[in-house]
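Please read the structure below before turning to the comments.
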Amino acid sequence: MLTILPTLRRTGLVLAVSAVALASVARAEDPPQPRVEAASPAGQKGGRGGGAQGAAQASPSAAEPHRLPPDATTRQTLELPGRTLNFAATAGSIRVFDGGKGEPLADIAYMSYQLDGADPATRPVTFLFNGGPGASSAWLQFGAAGPWRLPLDGEGLSPSASPEVKPNAETWLDFTDLVFIDPVSTGYSRFVASGEDARKSFYSVDGDANTIALVIRRWLEKHDRLTSPKFVAGESYGGIRGPKVVRQLQIQHGVGIKGLILVSPLLDFREFTGTSLLQYVATLPSYVAVAREAKGPPVKRADLADVEAYARGEFLADLVKGEADKEATNRLADRVAALTGIDQEVSRRLAGRFDVGEFRRELDRKNGKVTGRYDASVRGFDPYPDSSSSRFGDPSGDALQAPLTSAAVDVLTRKLNWRPDGSYEVLNGAVEGHWDFGRGINPPQSVSELRQILATDARLNVLVAHGLFDLATPYFGTKRVLDQLPAFATERVKFVVYPGGHMFYSQGGSRQAFRSEVEGMIRE
């Protein structure tokens with residue numbers, strides 16, 4: 001979850017610390033007392049994410065009221081078509097400390113699944129997280145990779161849909177163990193320390209990535225898995241997190257990562273901010289994909305070759321000429337209208353420059369409907385169809401929060417026997433609101449780290465997957481970024497696009513195809 005200024009948030013597809021705090025948390029893995037491992041005795045904690053209850057103390061007893069329950073491990077059997085999977089499921093947490101003072105800062109919750117009978121030395125393990133910032137890992141766990149899946153399309157796309165999960169035939173557990181990480185203030189993860197300093201130490205781009213890297217290393221140590229082949233998977237804002245986490249693991253924590261999987265990622269905020277013309281180039285192919293899908297037959301990326309060529313050629317050239325060139329502007333606007341089916345007069349009024357909100361409203365305005373942002377092939381009613389301003393939500397994302405929250409709590413408490421108090425945060429909007437995205441002229445980006453991790457490890461491979469109808473992180477924006485990588489990098493980066501939106505894995509065919517790609521990468 002991802003939130004882009006302020007439009008690109010959620011799912012998830014939804015970062016932490018100042019430079020000083022980053023260095024502090026990076027050294028927090030070796031405090032003298034108490035131990036980092038979450039299996040030590042726990043008392044009842046008070047409150048939920050934000051944890052502003054009592055001052056952080058170096059003494060373990062002072063922190064006990066905030067602690068999550070001890071780790072819970074259960075034995076599970078999953079009956080799937082053609083096979084049966086027996087595995088250990090663990091719900092628990094890892095405590096993160098201030099490296100300088102040794103004081104507890106936060107408990108980071110995780111859910112892990114380890115297949116029975118496998119050799120830990122050779123069995124792959126994949127660490128997964130979503131984005132936001134402010135999203136839990138529930139989207140990837142219960143939508144794509146975990147042992148149990150919640151339908152996220154069709155009748156499942158409703159707040160009142162049944163939250164009952166089913167065995168997931170497309171689980172990745174066949175070929176990799178799985179560890180789902182919830183950053184602080186998402187899921188059941190919460191602050192132990194109180195005060196502004198604690199929050200700042202996690203709610204920033206680099207501090208967030210460093211904390212997740214630290215948790216990954218600690219999980220590997222705790223479960224004796226340092227020799228296992230290791231993979232990292234991130235969705236949405238996970239595109240910023242992922243390369244940074246891998247880089248931190250490589251250079252700060254002494255942990256090599258064999259593969260990075262990015263799901264509907266954002267890699268560079270710059271093309272979605274300010275007056276950048278590239279935002280229109282990035283979104284146009286997805287706009288046209290949505291318009292063509294509505295008319296049928298089903299659309300694949302190959303069907304958009306003409307639009308991609310136009311977007312990076314004549315369209316961009318006319319954009320650069322500016323609105324002062326009336327001939328170029330009208331030519332551009334008329335072509336966009338013809339490609340999308342939006343009224344020519346409206347397109348001319350907007351000079352063919354549709355931001356995401358304008359497109360979502362104008363595409364089917366005659367019927368009083370708006371498209372989804374996560375999946376623009378989904379339509380919903382505009383609650384204020386006659387308003388001159390846009391006052392609508394996301395029919396493809398908002399409807400999922402209730403069933404996904406209930407499903408996550410049900411699995412944790414009923415199947416995994418882990419019962420924290422407080423509320424489970426599937427998508428915590430307050431996190432993004434307090435996030436430090438950095439200051440100055442350089443918005444967050446992870447392309448630099450992507451180059452560095454590929455240059456550092458010649459055996460590292462990257463898989464990047466997108467949905468055609470995603471307007472939160474349009475696939476063509478990522479393609480443009482990846483095309484700028486040097487040859488040594490591009491030969492180890494695979495880019496795939498599937499029918500669907502930000503959570504393209506909600507569609508059966510796309511989920512199956514994506515699983516096959518991931519399996520091929522991990523088994524390689």
Side-chain angles (χ1 to χ4, degrees), residues 2-5 8 15-23 25-26 127 129 131-133 183 202-214 216 231-274 276 278-279 281-282 435-466 473-495:
L2 181 140
T3 315
I4 271 196
L5 303 186
L8 223 111
L15 303 183
V17 194
S18 64
V20 174
L22 166 62
V25 174
F127 297 88
F129 43 80
F202 289 85
Y203 286 5
S204 72
V205 177
D206 292 330
D208 166 78
N210 185 66
T211 299
I212 294 175
L214 172 61
I216 289 174
F231 296 81
V232 168
E235 179 178 302
S236 195
Y237 180 81
I240 297 290
R241 277 185 176 135
K244 293 179 180 293
V245 167
V246 172
R247 184 61 174 164
Q248 281 294 318
L249 288 167
Q250 285 179 337
I251 65 173
Q252 198 74 19
H253 298 291
V255 174
I257 299 298
K258 189 174 180 182
L260 173 62
I261 302 159
L262 298 176
V263 184
S264 303
L266 175 71
L267 298 171
D268 192 338
F269 271 86
R270 288 173 292 188
E271 73 178 40
F272 290 96
T273 59
S276 172
L278 291 175
Q279 61 186 300
V281 175
W435 203 262
D436 181 2
F437 286 93
R439 299 291 184 265
I441 61 174
N442 295 312
Q445 55 85 21
S446 61
V447 183
S448 298
E449 287 82 4
L450 184 61
R451 286 173 174 248
Q452 290 167 340
I453 63 176
L454 285 163
T456 300
D457 190 344
R459 301 176 65 181
L460 173 68
N461 291 307
V462 178
L463 174 64
V464 182
H466 270 279
T473 56
Y475 81 89
F476 200 58
T478 296
K479 182 65 168 65
R480 183 199 63 79
V481 170
L482 296 179
D483 284 345
Q484 309 310 309
L485 296 176
F488 79 84
T490 55
E491 64 187 13
R492 286 183 282 127
V493 177
K494 186 168 186 178
F495 182 74

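Starting from 1, each residue takes its place in the sequence as its number. All figures in this text were calculated on a predicted structure; none of them were measured in a lab. Computation of the quantities below employed the complete heavy-atom set of this structure, encompassing side-chain atoms and omitting hydrogens, waters and symmetry-equivalent molecules.
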Checking Ala282 now: which residues fulfil side-chain contact (heavy atoms from CB on, under 4.5 Å) with it, not counting sequence neighbours?
Glu271
Does His253 reach the side chain of Asn210, with side-chain heavy atoms less than 4.5 Å apart?
yes
Once salt bridge (charged side-chain N to carboxylate O under 4.0 Å, His left out) is applied, do any residues pair with Lys479, and if so which ones, sequence neighbours excluded?
Asp483
Closest contact, heavy atoms only, Leu262 versus Pro243
CD2-CD, 4.4 Å
Audit row: Ile257, Val255, side-chain contact (heavy atoms from CB on, under 4.5 Å) steps and yes/no
CA-CA 7 Å; Ile257 299 298; Val255 174; 4.3 Å; yes
Quick check: closest heavy atoms across Val493 and Leu485, and the distance to 0.1 Å?
CG2-CD1, 4.3 Å
Looking at Gly239, is its backbone amide N or carbonyl O close enough to the side chain of Ser446 to form a donor-acceptor pair, meaning the two atoms are under 3.5 Å apart?
yes
Applying side-chain contact (heavy atoms from CB on, under 4.5 Å) between Pro265 and each of Val481, Val464, Leu260, report the one that passes.
Val464
What verdict does the side-chain contact (heavy atoms from CB on, under 4.5 Å) test give for Leu482 and Thr490, after you've listed the backbone C-alpha separation in whole Å, the side-chain angles of each residue and the deciding distance to 0.1 Å?
CA-CA 7 Å; Leu482 296 179; Thr490 55; over 6 Å; no
For Leu450 and Val246, what are the C-alpha separation, side-chain angles and deciding distance, and is it a side-chain contact (heavy atoms from CB on, under 4.5 Å)?
CA-CA 9 Å; Leu450 184 61; Val246 172; over 6 Å; no
Taken in chain and number order and not counting sequence neighbours, the residues that satisfy side-chain contact (heavy atoms from CB on, under 4.5 Å) with Arg247 are Gln250, Ile251, Glu449, Gln452, Ile453, Thr456
All heavy atoms of Pro183 vs all of Ile212, minimum pair found to be CG-CD1, 4.2 Å
Starting from the C-alpha separation in whole Å, work towards a yes-or-no answer on side-chain contact (heavy atoms from CB on, under 4.5 Å) for Arg241 and Asp208.
CA-CA 8 Å; Arg241 277 185 176 135; Asp208 166 78; 2.7 Å; yes
Starting at CG of Asp268, measure out to CD of Gln484 and round the result to the nearest 0.5 Å.
10.5 Å
Ser448: partners by side chain to side chain donor-acceptor pair (under 3.5 Å), with sequence neighbours left out
Gln445
Filter on salt bridge (Lys or Arg N to Asp or Glu O under 4.0 Å), then keep only pairs touching residues 450-466, sequence neighbours left out; what's left?
none
For residues Leu249 and Ala213, report the shortest heavy-atom separation together with the two atoms involved.
CD2-O, 3.3 Å
If we ignore hydrogens and angles and just use 3.5 Å, is the side chain of His466 paired with the main-chain N or O of Phe476 as donor and acceptor?
no
Under the ring-ring contact (aromatic ring centres under 6.0 Å, His included) test, which residues partner Phe127, sequence neighbours left out?
Trp219
In short, Leu454 meets Arg492 closest at the heavy-atom pair O-NH2, 2.7 Å
Parallel under 30°, tilted from 30 to 60°, perpendicular over 60°: which one fits the rings of Phe269 and Phe437?
perpendicular
